[in-house]
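I have placed the structure first, in the form of structure tokens, so that the comments after it can refer back to it.
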Amino acid sequence: MKKLFLAIFCFGTMATFAQKKNAVDSHEKKMEWFKDAKLGIFIHWGLYAVNGIDESWSFYNGYISHENYLKQKDGFTAENYDPKAWASLVKKSGAKYSVITAKHHDGFALWDSKFGDFDAKKSSAAKQDVLTPYVDALRENDLKVGIYYSLPDWSYKDYTHFKRNEIRYDIKKEPKRWETFLNFYQGQLKELADTYNPDLYWFDGDWEHSSKEWEAPKVRQMLLDRNPNTILNSRLKEHGDYATPEQGMPITRPENKYWELCLTMNNSWGYQRNDHDYKTTDQIIGIFADVIGNGGNLLLDIGPKGDGSIPEEQVEILEGLGRWTKKHQEAIYGTRSGIPKEHFYGPTTLSKDGTILYLFVKGDPKGEVVVRGLKNRINRIWVVGEGTKLSHQVVGNVYWSHYPGITYVKVPEYVLDENMTVLALLLDGEVDLYREDGAVIESN
Ligand code: GLC
């Protein structure tokens with residue numbers, strides 16, 4: 001009897017272990033394209049681009065009345081909107097996916113929604129669904145489709161929050177009203193799922209309610225039932241697949257295996273005529289290298305104007321980034337996070353099998369770069385995207401110690417990239433690092 005119990009128990013735990021392992025494997029498989037993609041382009045496009053003011057927050061925070069905010073719909077013409085050109089610019093930047101604000105907190109939908117009238121086709125000068133042609137253009141360019149969808153809808157009459165100090169109602173007192181909103185928002189999500197079958201959903205604004213109030217697990221399930229491979233960001237009250245630090249570049253490596261930094265090019269998500277505080281292409285490439293070196297993705301934002309044109313500064317940054325990502329593609333896509341900073345004072349990545357170490361070198365290293373404590377033999381070093389073979393010297397390695405020494409790679413000035421140079425070190429096997437306290441110099 002005892003044996004039988006034990007057998008049942010063992011079988012039971014084995015089954016759950018196997019099930020768990022399968023779940024982990026299939027999650028890894030689902031996340032694979034995302035992990036390899038490294039770069040995505042975020043697009044904030046909506047009414048706010050017309051006056052060039054904060055997306056949704058401008059009326060929520062009282063900088064403009066709701067009434068005047070809505071007047072922007074007459075200026076949202078999309079007359080110079082060229083979705084194919086948008087998608088090819090995204091492609092040119094080196095991004096593998098794009099996330100577009102199908103609906104921001106203001107509730108204005110870019111597609112022709114059967115849930116209400118507040119959308120680009122029925123309520124703006126554009127008089128057309130502006131989401132579908134972009135989704136189609138992304139797919140034509142082999143780019144993955146990400147849909148940003150704000151859970152809060154501050155313009156919807158049955159949503160709780162309207163402005164910072166104007167709440168419409170309390171869910172506990174008017175549960176039926178909240179149910180009306182739940183049906184509305186979940187209906188829109190079903191509509192998006194059935195129309196576009198997105199590869200990724202980018203939720204936002206979950207802070208306004210609890211997971212229970214949003215019915216987050218149910219929403220997740222509903223989307224996965226429609227497409228088990230779709231990816232959800234974490235802003236569905238943690239019922240997502242990856243973490244989304246915003247603006248703040250992580251300084252230490254995030255714990256989550258999957259993460260994505262969303263970042264503005266200047267200080268605004270949407271187009272703001274008066275914001276010229278752009279990061280330089282060098283800075284963006286530097287941040288991007290830090291992100292991928294720590295195993296993350298960069299979701300870099302652009303804000304097209306109300307007429308659909310993309311501001312010149314933003315085009316320039318994407319093109320500059322594109323030149324660099326194209327040249328250095330082998331060190332970017334499909335790589336894994338690099339080695340600890342003690343070994344190289346800069347970002348690094350590794351080929352998936354760990355046998356090629358990529359060093360990202362900022363500026364002019366004045367003749368040499370240093371790698372510390374590398375136990376491998378280096379078979380070959382080359383300048384990525386440029387081809388020159390480089391020589392190196394190992395110092396401080398003595399025959400009676402297993403301390404591997406310090407490697408100096410000689411880098412002539414003429415091989416340097418205008419933004420950031422990348423060196424590839426082909427190792428004699430999987431990367432192996434010396435992590436001990438110091439060298440063993442004597443046995444007694
Ligand atoms: C924030 C803001 C929003 C912006 C988003 C992008 O959550 O509410 O305006 O769209 O971040 O990450």
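Remember, it's 1-based here, ligands and their atoms both numbered in the order they're listed.
For atom 10 (O) of ligand 1, the closest heavy atom belonging to the protein is His44 NE2, 2.5 Å. Here the protein heavy atom with the shortest distance to atom 3 (C) of ligand 1 is His104 NE2, 3.4 Å. The nearest heavy-atom contact from the protein to atom 5 (C) of ligand 1 is Asp204 OD2, 3.2 Å. Atom 12 (O) of ligand 1 has its closest protein heavy atom at Glu246 OE1, 3.2 Å. From the protein, the heavy atom lying nearest to atom 2 (C) of ligand 1 is Trp57 NE1, 3.5 Å.
A heavy-atom separation below 4.0 Å is not found between Tyr60 and ligand 1. At least one heavy atom of Trp202 sits closer than 4.0 Å to an atom of ligand 1.
Close placement of the Phe184 and Tyr156 rings is indicated, their centers lying within 6.0 Å of each other. You'll find the ring centres of His27 and Tyr258 inside the 6.0 Å limit.
By heavy-atom distance, the residue among Glu55, His105, Arg235 lying nearest atom 8 (O) of ligand 1 is His105.
The side-chain tip of Lys96 points at the ring of Tyr333 from less than 6.0 angstrom away and within 45° of straight on. A cation-pi arrangement is found for Lys144 relative to Trp33, the charged atom lying closer than 6.0 Å to the ring centre and inside a 45° cone about the ring normal. Remark: Arg372 is positioned above the aromatic ring of Tyr345, its terminal NZ or CZ atom under 6.0 angstrom from the ring centre and at most 45 degrees off the axis.
A donor-acceptor pair under 3.5 Å links the side-chain atoms of Thr280 to the main chain of Gln283, judged by distance alone.
The N/O atoms of Trp207, backbone and side chain alike, include none that comes under 3.5 Å of an N/O atom in ligand 1.
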